[in-house]
Amino acid sequence: MAVPTRKRIAALLTLLLGVAGLSVALLASSAASAPDLPAVQARSLVASALRAAASGGPVAGDVDLHVDLGLPQLADAGGAPELSGVTGALESLSGDHHLRVWASTDGLRAAELTQFAERSLFVSPSGAWAWDSNRYTAYRLASLPHAHIPQSQGLPRSTGDLGPEQLAARMLAAVRPTTRVVVARTATVAGRAAYVLALQPRTSETLIGHIDVAVDAATRVPLGVYVYPRRSSTPAMSSAFTSVGFGPIAPSTFRFTPPPGAKVVTAQSQGSDAPQDATAPSHPTPARLAQRVRSFGSGWTGIVALRVSPKQVGRAGGGTLSKLLPFSGPLFSMRLAERSGYDWLIVGMVPQEALARVQARLP
C-alpha cells in the first residue's frame, strides 16, 4: 500500500467519477454506412487527438449526454428535498441531458436545454458562473472544478467537463501499458467522418469492458465516446456531439452578467456529505492527507479509501449516502467500512469483492 500524493488522488478520483459517472459517447448511427478512410496507426491517432484537444481551437455544437450508473432514486430513498456532496453529484449526473457547448482558448460555456428553463455554466478569465433561469438565480463559483454548485441549480455539476472533447482528452491522456488501444473501425458522428479508437483494459479485474472514442478524421478533435461495462453491448455512459462546428467564437460568448433582479449566490466549497474529515483543515498537510486517504493499486483496478465522518455519510442523520451503500453499479462500486472507530468510503471500478479485500488492509 502506498500513501498517495494529491496529484495521484486527483487523477484517480477524476478517472473514477469521470468514468464512473461519466465518460463520453460515440453516437454514430448504426444504419449509416462506415466512411472509407485512409488507414492510421493507433499511436498516431492518439497523439494527434491529444494535440487537437490541447490546442484550444474553437469547437461548438449540440451534445447528447447519457449517464446510467445504476443508482436508485436517492432523493426518494432519503426523503430529503435536496442532495449534496457525493450523492448530489451522482444524482445530478444521472439520466439524459441535451447540452449546447462552446469552447475555445477564451473560455467554456455549457447550457442544458430544457423545455421551460435554461441552466448554464460560464467559465472565462473574468470568472465562473452558473445560471438557472427557472429560479432566476446566478451562482458565482469560487473555483473550478472543485466549486460546489447547489443541487437546486439543476445543471450537472461537472457539465463543463463532460463534453466529448474534454472527456476524450482525459481518457486518451490516461492511456498506459495497462490498456490495449486499437483503431477499431470508422463511423459517422454529427455528420462527420471519424475513426473509432477502442480502449480495452488488459485485466479482467475491472468492471470496465472497453471505451470507444470517436476522433474527427479531418480535425482530429474528439467527437464522442462510449463507456461499456464488462460483458455488455450497451454503453452505460455516453456523451457525443450531434452537431458540431469549428468556426471562430466571440469572447463575449463566455462572459456572464446576472440580469437585473436576479438573485446572486456565492457557491460553497463543499456539501453536507462530502467525503472529508469534518475536523480537518480546508488545506490539509501531507501528513493529515495520508491519515484521511489511502490508495490501493492503480489504473483500471485502482481503489481509493476516504475517511469520512458519520454525519457526512448519513449515520448521524443529514445525509443519504449510507442508505445507498454498499453500492454495485455497472461501472464502479462503493462500500462503507468502520475501522478503529473511523468510517471509510471505499470506491473503485472493481467488484465488491475487491473493495472487501482492501477494507481488511485499512488502519
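The shortest side-chain heavy-atom distance between L325 and R335 does not fall under the 4.5 Å cut-off. The shortest side-chain heavy-atom distance between V264 and W129 falls under the 4.5 Å cut-off. Taking 4.5 Å as the limit, every side-chain heavy atom of V350 sits out of range of all side-chain heavy atoms of E205. Looking at heavy atoms from C-beta onward, Y342 lies out of side-chain contact with P363 at the 4.5 angstrom threshold. Annotation: side chain of T219 is in contact with side chain of R192 (closest heavy-atom distance under 4.5 Å). You'll find the side chain of P35 reaches within 4.5 Å of the side chain of T188, heavy atoms only. Under the 4.5 Å side-chain criterion, counting only non-hydrogen atoms from C-beta, R220 is in contact with Y195. The side-chain heavy atoms of L362 and F296, taken from C-beta on, include a pair separated by under 4.5 Å.
Between the CH2 atom in W102 and the OG atom in S120 there is a gap of 7.0 Å [rounded to 0.5 Å]. In this structure, the separation between CZ on R230 and CD1 on I208 is 9.0 Å, given to the nearest 0.5 Å. Atom CD in Q359 sits 10.0 Å away from atom CD in E338 (nearest 0.5 Å). To the nearest 0.5 Å, atom OH of residue Y228 and atom CD of residue Q200 are 12.0 Å apart. Of the inter-residue distances, the one linking I346 atom CD1 with S333 atom OG reads 11.0 Å to the nearest 0.5 angstrom. Here the CZ atom belonging to F122 is positioned 4.0 Å from the CZ atom belonging to R109, to the nearest 0.5 angstrom.
Shown here is R180, whose CZ atom has no more than 12 heavy atoms of other residues, nucleotides or ligands within 6.0 Å. Within a 6.0 Å radius of CG in D36, no more than 12 heavy atoms belonging to other residues, nucleotides or ligands are found. For R43, the CZ atom is loosely surrounded, since the number of other residues' heavy atoms within 6.0 Å does not exceed 12.
At a threshold of 4.5 Å between side-chain heavy atoms, the hydrophobic network of Ile, Leu, Val, Met, Phe, Trp and Tyr places M349 and M334 in one connected group. I249 and V244 are assigned to two separate hydrophobic clusters, defined by single-linkage of ILVMFWY side chains at heavy-atom distances under 4.5 Å. Residues V183 and V215 fall within the same hydrophobic cluster, defined by Ile, Leu, Val, Met, Phe, Trp and Tyr side chains chained together at heavy-atom separations under 4.5 Å. Under a hydrophobic clustering in which Ile, Leu, Val, Met, Phe, Trp and Tyr are joined whenever their side-chain heavy atoms come within less than 4.5 Å, directly or via other members, L324 and L207 fall into different clusters.
Listed here is the closest heavy atom pair of A60 and F241: C-CE2, 4.4 Å. In terms of heavy atoms, V182 sits closest to A42 at CA-CB, 4.1 Å. Summarising the geometry of P259 relative to F256, their closest heavy-atom pair is CD-CZ, 4.2 Å, with the distance given to 0.1 Å. Heavy-atom minimum distance, A198 versus A184: CB-CB, 4.0 Å. The two residues L336 and V308 have their closest heavy-atom pair at CD1-CG2, 4.3 Å. Residues V123 and F254 come closest through the heavy atom pair O-CB, 3.9 Å.
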Determine whether V46 and L197 satisfy the following criterion, side-chain contact (heavy atoms from CB on, under 4.5 Å), listing intermediate values before the conclusion.
CA-CA 8 Å; V46 168; L197 278 168; 3.8 Å; yes

Show the numbers, then the answer: is there a side-chain contact (heavy atoms from CB on, under 4.5 Å) between L121 and L141?
CA-CA 10 Å; L121 178 69; L141 308 183; 3.6 Å; yes

Passes side-chain contact (heavy atoms from CB on, under 4.5 Å), T178 versus T203? Steps please.
CA-CA 7 Å; T178 58; T203 173; over 6 Å; no

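A donor-acceptor contact shorter than 3.5 Å is absent between the side chain of E112 and the backbone of R100. In this structure, R339 contributes its side chain and A360 its backbone to a donor-acceptor pair below 3.5 Å.
Here the options are L199, L331, D212, V67, the test is side-chain contact (heavy atoms from CB on, under 4.5 Å), and the partner is V227; only L331 passes.
When only modelled atom types and interatomic distance are considered, T242 and D62 share no side-chain donor-acceptor pair under 3.5 Å.
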